[in-house]
Amino acid sequence: MTTDIPKNYLPQEIEKKWYQFWLDRDYFHAKDRSNNPPFSIVIPPPNITGSLHTGHALDNTLQDTLIRWKRMQGYNTLWMPGTDHAGIVTELIMERALVEEGTSRQEIGREKFIDRMWQWKDESRGKIISQLQEIGSSCDWERERFTLDAGLSKAVRTAFVKLYDRGLIYRGDYMVNWCPNCQTAVSDLEVVPIEIEGNFYHIKYNVKNSDEFLVIATTRPETMLGDTAVAVHPEDERYKHLVGQTVILPILERELPIIADQYVDMDTGTGALKVTPAHDLNDYEIGKRHDLETINIFDDNGTLNENAGKEYVSLDRFDCRSKLIKDLQSQQLLLKVVDHLHAVGHHDRCDQIIEPYISPQWYVDVKPLAERAIEASKTGQITFIPDRETKRFHQWMEDILPWSISRQRWWGHRIPIWYCGDCQALTCTVDTPDQCSDCNSKNLKQDEDVLDTWFSSGLWPFSTMGWPENTELLKTFYPTSVLVTGWDILFFWVSRMIMLGLECMGHVPFNQVYLHGLVADEHGKKMSKSRGNTIDPVETIDKYGADAFRFAIVYSTIPLPYMPLPEYQIEAGRRFANKIWNASRFLLMNLEDYDPESSVEINPQLVDKWICSRFDTAVQSINEAFGQFRFSDAAHIIYEFMWHEFCDWYVEMIKQRLYYSDDPVAKYTAQTVAIDILDGTLRLLHPIMPFLTEEIWQQLPVKGESITISSYPEPNQDSKDAEAEMKMRVIMDVIEEIRSIRGEMNIPPSTEIEILIQAPNADTRQILETHLEENMRSFTKFMKVAIAEYQEKPKSAATAIIDDLIVYIPLSDVLDIDEEKKRLQKKLEKTRSELENVEKTLANKNFVERAPKQVIDQKYERKTKLESEQEKILLNLHMFD
RNA sequence: GGGCGGAUAGCUCAGCUGGUUAGAGCGGCGGCUUUACAAGCCGUAGGUCACAGGUUCGACUCCUGUUCCGCCUACCA
């Protein structure tokens, strides 16, 4: 047999071709208006930080799968793509580059720095988009957006002004999480507590005009330079008498009041607490209660300022700590140092230790927005999948704190607030004002800060569709259908979109939120660069092909927080692709005389009816699985059907008709059904493996321009054929038993055997007589099959028992009698133990009285079958005696 | 401190609202150059379903408790 179709599937040559084909035909472009129902997803915009990782591949594969599925179902689908400017992270990358060039952002200035950022954005964006295309993402590229685009910037200003006018945005001096490295405030969510092995430094504070002293235990001795009090618990007998007195702060010799406050825990440390209102959130609260002075001892970059005293000014905070410890030691004021394990906040973008720091910042009072968000979830306007995320969402929303939105950075949306140099009034408008809204002065200066990146991404579901204009696109696609993203950004992003969507649009931004797990390695450990267990998507696609990668991803997407994606799974994806390729190759090679236009009436045989029935079951379960976001299940079902039903059984069984049949209708029927099922299976699979399915589909004798816009299979009750499935079960059982004997008896496939079957039941006999022989030829070489109501057992034969059937395979001299005995003995044991269980159950009065009739009937049936089998096995075993 | 999830074959996971013999992928072992596929085909071995109770005629499945593992959240210096 000759063919020009390669023996192995070679994805590299195929993927680019079809992606371009799809783009050229504009298949991914959504219509602004359509009679078809809408289905829309906005992409979680990747940060323009360089390139994509496996997490992105996962996220976008799932979105593409859903979009392609819905597109094929006839929906007007919009997958809105784009990228995020990602403020701080991207700036850090640029700053590193500048340092390498021997300069810095301060040196080149704000304007030039921003220019450089835009250049970087163009490069990075291009790389990201091409990677998204490599994995096959069917985004509507004509609508691609970037968070700093003019349109989106207008949306940001509009949203800001709206919130400001409602009084929900305010500015003030508060204690924030300050990153001395990035020199900006960061949000609570960006601070990750990391356990570190620190120390408790026990420091002696002498009481003024007394011989007494207090011992203070602290993990951060350098902050003592900003101490303005010492606090004890009001009921602490050890210290009660000292309250109201004064201690002398070591080194600076400042006088500090001893105060009593409920906050102090008597059992922690020494029970005496140094109070540094400027550098600790709790101390800040104590300070407010007791009207204490607030002394800031740090500069923006984490070095000590002049308030720290001459000895320490300009030192880095950790150098200061070391020096201070030495100085205290030399003055005998450091009593002891104890190991102490405690959690310290680190900035998740740069890993530096966060400093609590008082500074002027802008805030959104999100409490009222959060209440609406909770309401939207409780009333079912928005649902989370998996359901456990709903609770997480509620908990966080209920305890929400004001959102600090100003960042002391340059790359981002500058806050639309202008300060008047004359009357000090604030002007907040969407369009850049040319005069003060209060006194009309032209002496205006815009706020230097930019907004938190999440502020602009929070508007993404509608800013990308043209808001604040009331566009056709918004009317058609807002609220979007589903948001697909990792559970780790539920608070960062999803929650903000929900709040801002409700506020700006009056509706939730999406009806469903599917939160997938994070990609892990084969041992369930999260993939991370520091662990060195990452998989590079580009390399993976080069090596295995995009479809194999996608299949592995969908197959692995389980509803757990971490999902293993081992390399062997991607290999399995490649093998699956190759299997489909070859099955298709085989069918295509057998279509030389096939005329799809033929008027010949097909005449389906048992296997044809069977595969159609099985296909229908697959169609039904896959549609259900996708509808419930059970991605792994969908992939399993299609894999099982394609490989183990279509390839292993159906294709094998029709070989007879394709190769040897002299009945043209029989052959034509096999071709027609095979092509039909292959066509349907490819369409089922297309959302998961778009390239391979398109390549094959284009070669099939089926009508249509592209599988991408063909229809997705729907369940069809008419295809269900329980009788065909039952009959095929009998045939398959017999074939499997024969194969098992061949395997265990080591009979080479080339050896022809004789098969004798005893089938006392007339119906079963009929099935075997009609269908066995023709369907068995592809599976085993035999010279003769004899089916009868009763068969005399040949002298030395291997025996298989299936229900009331006995299959004999005479093996005159080759039969290993001991092996055969062992085989039967094993089967007997299995049958006997199960039979005992069934008998025990049926002997139980309570069972017979209370169990449903259906279950009881099943048990009786099972019992009959087992008894029949046992009896026959025993009979055959006795023949050896 | 509060909350969530997990514990099933050597590894990673399925097993839905309790009901025949607990499955898959990968791996193991044995056999096949069968003309679609060795990235394949056939056969086969592995599990007292973490532990202890309870509900039930019946529990991997439901309930309670215990032990591990992972995660989220929280201001204990």
Side-chain angles (χ1 to χ4, degrees), chain A residues 1 3 5 7-9 193 200 216-220 223 231 263-265 267-270 272-276 280-283 285 340 342-343 356 386 388-389 391-392 395-396 399 487-488 490-491 520-526 548 555-556 558-566 568-569 571-572 574-590 630 632-633 636 639-640 647-648 651-652 655 659 736 739-744 746-750 778-781 830-831 833-834 837-838 841 844-852 854-856 858-859 861-862 866:
Chain A
M1 207 175 296
T3 171
I5 305 172
K7 268 176 89 161
N8 289 328
Y9 174 56
F200 247 146
I216 306 286
T218 178
T219 55
R220 307 179 61 210
T223 61
Y263 168 75
V264 179
D265 178 359
D267 300 326
T268 303
T270 59
L273 174 71
K274 63 191 270 311
V275 183
T276 322
D280 182 281
L281 189 59
N282 296 306
D283 292 8
E285 296 298 327
H340 183 61
H342 61 138
R388 69 178 114 87
E389 299 296 339
K391 201 171 173 185
R392 248 181 99 226
Q395 278 173 355
W396 189 76
D399 300 333
W487 59 265
D488 56 327
L490 174 63
F491 306 149
D521 65 13
E522 64 199 283
H523 300 294
K525 296 286 173 213
K526 184 182 174 181
Y555 191 93
S556 303
I558 51 174
L560 286 178
Y562 292 90
M563 43 171 281
L565 183 65
Y568 67 69
Q569 197 58 62
E571 281 171 24
R574 179 176 59 176
R575 283 203 287 271
F576 185 44
N578 194 56
K579 185 73 183 176
I580 298 162
W581 179 257
N582 274 290
S584 311
R585 178 171 176 263
F586 168 77
L587 292 176
L588 289 169
M589 287 186 316
N590 285 285
R630 290 185 287 111
S632 177
D633 289 352
H636 272 94
Y639 182 94
E640 176 66 24
C647 293
D648 287 354
V651 172
E652 288 305 321
K655 279 180 177 172
Y659 290 159
E736 277 173 347
R739 286 208 291 216
S740 177
I741 288 173
R742 278 201 112 118
E744 287 183 51
N746 280 321
I747 304 160
S750 50
S778 311
F779 296 95
T780 190
K781 278 206 169 158
K830 225 176 146 185
T831 311
S833 81
E834 200 197 330
N837 280 336
V838 175
T841 310
N844 186 336
K845 230 189 229 170
N846 284 322
F847 173 77
V848 185
E849 279 166 16
R850 301 192 201 186
Q854 204 192 346
V855 175
I856 298 171
Q858 267 174 9
K859 287 274 180 198
E861 249 175 65
R862 187 72 192 152
L866 287 167

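In the text below, chain A, chain B and the rest are named by the order of the sequence lines, each starting its count at 1. Basis for what follows: all heavy atoms, side chains included, without hydrogens, waters or symmetry-related copies.
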A:E652 CD to B:rG40 P, straight-line distance once rounded to whole Å:
15 Å

Does A:L560 reach a base, just sugar-phosphate, or nothing at all? Heavy atoms under 4.0 Å.
sugar-phosphate

So what does A:R388 touch, heavy atoms closer than 4.0 Å: a base, only the sugar-phosphate, or nothing?
sugar-phosphate

Can you tell me how far P in B:rU8 sits from the matching atom in B:rU55, rounded to whole Å?
27 Å

Show me the dot-bracket string of RNA chain B, counting Watson-Crick or G-U pairs under 3.5 Å, with | for pairs to another strand and [ ] for crossing ones.
(((((((..((((.....[...)))).(((((.......))))).....(((((..]....))))))))))))....

Return the CG to OG1 distance between A:N846 and A:T841, rounded to the nearest 0.5 Å.
12.0 Å

In whole Å, what is the span from the CZ atom of A:F576 to the C1' atom of B:rG40?
15 Å

Nucleotide-resolved protein contact map, nucleotides 15-30 of chain B, B/S/- at heavy-atom distance under 4.0 Å
----BBB--SBS----

Counting just side-chain N and O atoms, does A:Y659 come under 4.0 Å of either OP1 or OP2 of B:rA36?
yes

For A:K391, which contact category applies under a 4.0 Å heavy-atom criterion: base, sugar-phosphate, or nothing?
sugar-phosphate

Non-neighbouring partners of A:E744 that pass salt bridge (charged side-chain N to carboxylate O under 4.0 Å, His left out), sequence neighbours left out
none

Does A:H340 have any ring pair (Phe, Tyr, Trp, His ring centres under 6.0 Å) partners at least two apart in sequence or in another chain, and if so, which?
A:F200, A:H342

Who are the salt bridge (charged side-chain N to carboxylate O under 4.0 Å, His left out) partners of A:R574, not counting sequence neighbours?
none

Can any side-chain N or O of A:W487 pair as donor or acceptor with the backbone N or O of A:P561 at less than 3.5 Å?
yes

Judged by atom type as modelled, is there a donor-acceptor pair below 3.5 Å linking the side chain of A:S584 to the main-chain atoms of A:I580?
yes

Rounded distance in Å - CG (A:N590) to P (B:rU35)
14 Å

When rounded to the nearest Å, what value does the distance between P atoms of B:rU67 and B:rG27 take?
39 Å

If we take the C1' atom in both B:rG18 and B:rG10, what is their distance in whole Å?
30 Å

Could you measure between the two C1' atoms, the one in B:rA45 and the one in B:rA9, and give it in whole Å?
11 Å

Please work out if A:E389 contacts a base, only the sugar-phosphate, or nothing of the nucleic acid, heavy-atom cut-off 4.0 Å.
nothing

Is any N or O donor-acceptor pair between the side chain of A:K579 and the base of B:rC37 shorter than 3.5 Å?
yes

Taking syn as any angle within 90 degrees of 0 and anti as the rest, which one fits B:rG46?
syn

Mind checking side-chain contact (heavy atoms from CB on, under 4.5 Å) for A:N746 and listing every partner two or more places apart, or none if nothing turns up?
none

Using the test side-chain contact (heavy atoms from CB on, under 4.5 Å), find all partners of A:D399 that sit at least two apart in sequence or belong to another chain.
none

Which whole number of Å gives the distance between the P atom of B:rC60 and that of B:rA52?
13 Å

Qualifying residues under ring pair (Phe, Tyr, Trp, His ring centres under 6.0 Å), relative to A:Y9, sequence neighbours excluded
A:W581

Results of side-chain contact (heavy atoms from CB on, under 4.5 Å) for A:P193 - residues two or more places apart only:
A:A343

Starting at the 5' end of nucleotides 67-77 of chain B, put B wherever the base has a protein heavy atom under 4.0 Å, S where only the sugar-phosphate does, and a dash everywhere else.
----SSS-BBB

B:rG6 to B:rA14 separation - C1' atoms, rounded to the nearest Å
14 Å

Specify the residue among A:A583 and A:S750 whose closest nucleotide of RNA chain B lies further upstream toward the 5′ end.
A:S750

Okay, side chain of A:R585, backbone of A:I5: is any donor-acceptor separation there less than 3.5 Å?
yes

With heavy atoms under 4.0 Å as the rule, sort A:E849 into base, sugar-phosphate or nothing.
nothing

Side-chain N,O (A:K7) to OP1/OP2 (B:rA39) below 4.0 Å:
no

Whole-Å P distance, B:rG53 and B:rG46:
28 Å

Atom NZ of A:K781 and atom P of B:rU35 are separated, to the nearest Å, by 9 Å

Test of understanding: with side-chain contact (heavy atoms from CB on, under 4.5 Å), list the residues that count as partners of A:K655, not counting sequence neighbours.
A:F586, A:E652, A:Y659, A:S778

Measure the shortest side-chain to side-chain distance between A:D283 and A:L273 over non-hydrogen atoms and say whether it is less than 4.5 angstrom.
yes

Pick the C1' atom in B:rG3 and in B:rG28, then give their distance to the nearest Å.
42 Å

For A:S632, side chain to side chain donor-acceptor pair (under 3.5 Å) partners two or more places apart:
A:H636

What integer distance in Å separates A:N8:CG from B:rA36:C1'?
11 Å

Students often get this wrong, so: under 4.0 angstrom with heavy atoms, is A:P566 touching a base, only sugar-phosphate, or nothing?
nothing

Is a donor-acceptor pair below 3.5 Å formed from side chain A:K655 to base B:rA36, judging by atom type as modelled?
yes

